[in-house]
Amino acid sequence: MQHIDNVVLDPPFTLTRASHVVLNVRDLEASKRFYTELIGLVVSAEDASTVYLRGLEERGHHSLVLHKSTEMSCARLGMRVLTPDDIFKAEDYFASQGIHSTRVDVPFQGPTLHVSDSTGVPLELCASMEPCERLFKSYNLYRGASAQRLDHYQLQTDDVSKSWSFYQPLGFRVSEYTYSLTPDEKELLWGVWLQRKGNPHDIVFTAGTGPRLHHFAYTLPDTNDMIRACDVAGALGFAPQLERGPGRHGISGALFVYFRDPDGHRIELFNTHYQHIDLEPAIAWDLADPKRADQWGLPARNQWFTEATPFAGVTPRPPDIRVDPPTLEKFLAMTNDS
């Protein structure tokens with residue numbers, strides 16, 4: 001799949017990283033308790049309808065925004081751009097592509113642009129945030145998993161190639177990808193791991209009913225904090241929300257554990273992973289390889305592949321990819337409840 005390594009070195013504007021997630025939650029206090037006492041995030045600001053949180057390492061005002069709502073959904077995925085000029089360059093670029101975008105005022109953020117990608121994912125491009133104190137050396141404030149910083153998102157999309165084609169011209173590079181083989185030995189693109197900040201991924205797209213947010217991920221100080229998160233979950237009554245892990249990914253090689261918050265939004269906690277700065281070929285994984293998802297061979301439950309967070313106002317669509325029966329049989333065998 002030679003085209004997967006095509007790199008745009010001079011994109012129309014400069015995106016730097018995954019920045020923040022805006023979630024709609026039904027019980028604001030329950031969600032706040034989950035993210036502060038278990039995940040270990042810090043409250044930067046709050047009012048009766050919204051809580052702004054950040055990781056202990058983060059200088060920006062927020063990486064997670066919780067809005068009180070009657071529905072469970074994701075309102076926006078945030079991407080940081082380098083300068084305010086990049087917001088204006090992005091606006092011009094999207095206009096040249098026939099894509100509507102809107103400049104908006106968002107609390108605690110500098111110039112901000114709203115736009116939807118090619119499959120309908122609502123994005124929020126942000127040039128700056130009100131700075132806050134980094135608290136990673138304030139060890140007396142560490143709670144639960146002691147989450148440090150937001151790292152990436154993973155989404156289900158009905159068309160992986162279409163999603164990749166939107167982000168590739170913006171300078172996103174593929175670190176790893178998953179494929180399935182057709183009966184005539186051609187590769188079908190099943191998933192892409194895309195990055196801007198120099199590690200394996202800022203945003204991931206895998207085939208499934210979508211667009212939907214599968215999970216967002218925070219880094220932890222070290223592996224022991226992953227075990228501590230599980231222990232704290234048990235002590236606080238969040239044990240039923242432990243969905244998967246601990247385990248080790250094949251793709252990226254990171255140790256991981258996944259929780260569902262009180263509304264069902266999925267969050268990953270993981271240790272850091274390798275650098276991906278130099279220009280190098282993407283790593284390919286066969287969908288039927290069980291080590292792709294977990295090096296230890298532990299299968300995910302069925303809900304891992306069927307449940308995800310809808311985007312507000314966006315209707316998910318079934319995936320366009322069709323997998324040959326032998327590969328599909330192997331894949332489904334890995335999704336059985338363990």
Side-chain angles (χ1 to χ4, degrees), residues 12-26 28 31-32 35-36 39 41-95 99-117 120-135 147 149-153 155 166-167 170 196-197 202-203 211 213 216-218 261 263 265 267 309-314:
F13 58 96
T14 304
L15 278 163
T16 59
R17 62 180 177 88
S19 171
H20 58 285
V21 186
V22 184
L23 297 181
N24 292 320
V25 300
R26 289 168 289 206
L28 191 60
S31 293
K32 175 185 171 182
Y35 285 107
T36 55
I39 306 304
L41 300 182
V42 177
V43 175
S44 298
E46 63 181 317
D47 56 34
S49 61
T50 308
V51 179
Y52 298 86
L53 303 119
R54 71 185 192 277
L56 291 156
E57 184 184 309
E58 292 176 315
R59 186 92 194 278
H61 184 271
H62 53 268
S63 56
L64 177 61
V65 182
L66 305 176
H67 285 311
K68 185 175 177 59
S69 176
T70 58
E71 67 172 15
M72 174 270 206
S73 65
C74 179
R76 293 275 165 184
L77 292 181
M79 290 284 181
R80 193 71 176 260
V81 300
L82 190 59
T83 70
D85 282 346
D86 287 301
I87 291 292
F88 310 129
K89 291 177 183 177
E91 190 175 33
D92 290 342
Y93 169 77
F94 291 127
I99 301 170
H100 176 72
S101 64
T102 306
R103 264 185 271 171
V104 295
D105 293 323
V106 177
F108 309 107
Q109 294 180 192
T112 301
L113 189 72
H114 281 179
V115 67
S116 293
D117 76 7
V121 176
L123 301 175
E124 183 168 279
L125 308 186
C126 170
S128 61
M129 282 188 184
E130 183 177 301
C132 293
E133 181 185 2
R134 296 187 194 274
L135 297 173
R149 68 181 183 275
L150 180 74
D151 184 79
H152 66 266
Y153 321 118
L155 284 70
F166 178 90
Y167 291 88
L170 305 183
R196 283 292 295 165
K197 66 181 179 298
D202 285 278
I203 191 165
L213 174 63
F216 58 100
Y218 277 85
D261 77 4
D263 278 274
H265 301 294
I267 180 171
T309 296
F311 288 102
V314 181

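Note that the structure is predicted; figures quoted are calculated from it, not measured.
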Enquirer: I need the minimum non-hydrogen distance between V314 and P211, along with the two atoms involved.
Expert: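 What the structure gives for the nearest pair is CG1-CG, 3.7 Å.
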Enquirer: Any chance the rings of F94 and F13 have centres within less than 6.0 Å?
Expert: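 Between F94 and F13, the centre distance is under 6.0 Å.
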Enquirer: About how many Å separate NZ of K68 and CG of L66, when rounded to the nearest 0.5 Å?
Expert: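 So the gap between those two atoms works out to 11.5 Å.
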Enquirer: Which atoms form the tightest heavy-atom contact between P111 and S128, and what is the distance?
Expert: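 Where P111 meets S128 most closely, the heavy atoms are CD-OG, 4.1 Å.
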Enquirer: Where is the tightest heavy-atom contact between A48 and L28, given as atom of each residue plus distance?
Expert: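 Taking every non-hydrogen atom into account, O-CD2, 3.6 Å.
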Enquirer: With a 3.5 Å cut-off and no angle check, do the side chains of D47 and S49 form a donor-acceptor pair?
Expert: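 A donor-acceptor contact under 3.5 Å links the two side chains.
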Enquirer: Does any non-hydrogen side-chain atom of Y153 lie less than 4.5 Å from one of D202?
Expert: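 No, side chains not in contact.
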Enquirer: How far apart are the closest heavy atoms of I87 and A127, and which atoms are they?
Expert: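 Scanning both residues completely, I find the closest heavy atoms to be CG1-CB, 3.8 Å.
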Enquirer: Would you tell me whether H265 and T309 have side-chain atoms, one donor and one acceptor, within less than 3.5 Å of each other?
Expert: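 Yes.
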Enquirer: Just checking, is any N or O donor in the side chain of E71 or S69 under 3.5 Å from an acceptor N or O on the other one?
Expert: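 S69 and E71 do not have a side-chain donor-acceptor pair below 3.5 Å.
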Enquirer: Please name the pair of heavy atoms, one in A75 and one in N24, separated by the smallest distance, quoted to 0.1 Å.
Expert: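 Heavy atoms of A75 and N24 come nearest at CB-ND2, 4.0 Å.
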Enquirer: Closer than 4.0 angstrom, basic N to acidic O: yes or no for E58 and R149?
Expert: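 No salt bridge links E58 with R149.
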Enquirer: Among Q109, R76, R80, find the one that has a side chain to side chain donor-acceptor pair (under 3.5 Å) with E124.
Expert: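 Filter result, single survivor: Q109.
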Enquirer: Applying side-chain contact (heavy atoms from CB on, under 4.5 Å), run through L213 and L23 and close with a yes or a no.
Expert: CA-CA 10 Å; L213 174 63; L23 297 181; 4.3 Å; yes
Enquirer: Between V104 and L113, is any pair of side-chain heavy atoms under 4.5 Å apart?
Expert: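 With C-beta onward as the side chain, the pair stays apart.
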Enquirer: Any luck finding a side-chain donor-acceptor pair between E91 and S101 under 3.5 Å?
Expert: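 Distance-only check fails for E91 and S101.
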Enquirer: Under the 3.5 angstrom rule, does the side chain of D263 hit a backbone N or O of V25 as a donor-acceptor pair?
Expert: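 Such a contact is absent between D263 side chain and V25 backbone.
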Enquirer: Kindly indicate whether the side chain of V43, heavy atoms from C-beta on, has any atom under 4.5 Å from the side chain of K32.
Expert: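 Side-chain contact under 4.5 Å: yes.
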Enquirer: Please check this pair: side chain of D92 against backbone of K89, looking for a donor-acceptor N/O pair closer than 3.5 Å.
Expert: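 Not at all, since once roles are kept as given, no pair shorter than 3.5 Å links the two residues.
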Enquirer: Do the side chain of T50 and the main chain of E46 share a donor and acceptor less than 3.5 angstrom apart?
Expert: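 Flag not set: sc T50 to bb E46 has no pair under 3.5 Å.
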Enquirer: In chain order, what residues pass the side chain to side chain contact (heavy atoms under 4.5 Å, CB included) check against P12, with sequence neighbours excluded?
Expert: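 Y93, L170.
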Enquirer: Is the shortest heavy-atom distance from the side chain of M79 to the side chain of L77 under 4.5 Å?
Expert: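 A side-chain contact under 4.5 Å is absent here.
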Enquirer: To the nearest 0.5 Å, what is the distance between CZ on R196 and CG on L82?
Expert: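 Going from the CZ atom of R196 to the CG atom of L82 covers 9.5 Å.
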Enquirer: Sequence neighbours left out, what passes side chain to side chain contact (heavy atoms under 4.5 Å, CB included) with V42? Give chain and number order.
Expert: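 V42 satisfies side chain to side chain contact (heavy atoms under 4.5 Å, CB included) with R54, L56, L135 only.
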Enquirer: Is there a side-chain contact between S73 and F311 (heavy atoms, below 4.5 Å)?
Expert: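 They are not in contact (no side-chain heavy atoms under 4.5 Å apart), so the answer is no.
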Enquirer: Quiz question: by atom type and distance under 3.5 Å, do the side chains of S31 and D261 form a donor-acceptor pair?
Expert: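 Per modelled atom types, S31 and D261 side chains form no pair under 3.5 Å.
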Enquirer: At what distance, to the nearest 0.5 angstrom, does NE2 of H62 lie from CG of L64?
Expert: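 If I round to the nearest 0.5 Å, the distance is 9.5 Å.
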Enquirer: Could you tell me if the side chain of V81 sits less than 4.5 Å from the side chain of C126, heavy atoms only?
Expert: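 They are not in contact (no side-chain heavy atoms under 4.5 Å apart), so the answer is no.
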Enquirer: Look at R59 together with E133 and state whether they make a salt bridge at an N to O cut-off of under 4.0 Å.
Expert: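 Looking at R59 and E133, the cut-off is not met.
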Enquirer: Side-chain contact test, heavy atoms from C-beta onward, threshold under 4.5 Å: evaluate it for C74 versus V21 and give yes or no.
Expert: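 Sidechains of V21 and C74: in contact.
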Enquirer: Tell me yes or no: between the side chains of D117 and Y167, is some donor less than 3.5 Å from an acceptor?
Expert: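 Y167 and D117 do have a side-chain donor-acceptor pair below 3.5 Å.
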Enquirer: Under the side-chain contact (heavy atoms from CB on, under 4.5 Å) criterion, do V22 and H67 qualify, and how do the steps go?
Expert: CA-CA 7 Å; V22 184; H67 285 311; 3.4 Å; yes
Enquirer: Should the pair D151-R17 be classified as a salt bridge under the 4.0 Å nitrogen-to-oxygen rule?
Expert: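 No, D151 and R17 are not salt-bridged.
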Enquirer: So does G110 get a backbone contact from the side chain of T112, meaning a donor-acceptor N/O pair under 3.5 Å?
Expert: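 Yes: the side chain of T112 pairs with the backbone of G110.
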Enquirer: So, do F216 and S63 sit near enough that their side-chain heavy atoms are less than 4.5 Å apart?
Expert: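 Not touching, per the 4.5 Å side-chain cut-off.
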Enquirer: For the residue pair H61 and F108, categorise the inter-ring angle as parallel (less than 30°), tilted (30 to 60°) or perpendicular (more than 60°).
Expert: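 Plane angle under 30°, so parallel.
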Enquirer: Is there a donor-acceptor contact under 3.5 Å from the side chain of D86 to the main chain of T14?
Expert: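 Judged by distance alone, yes, a pair lies under 3.5 Å.
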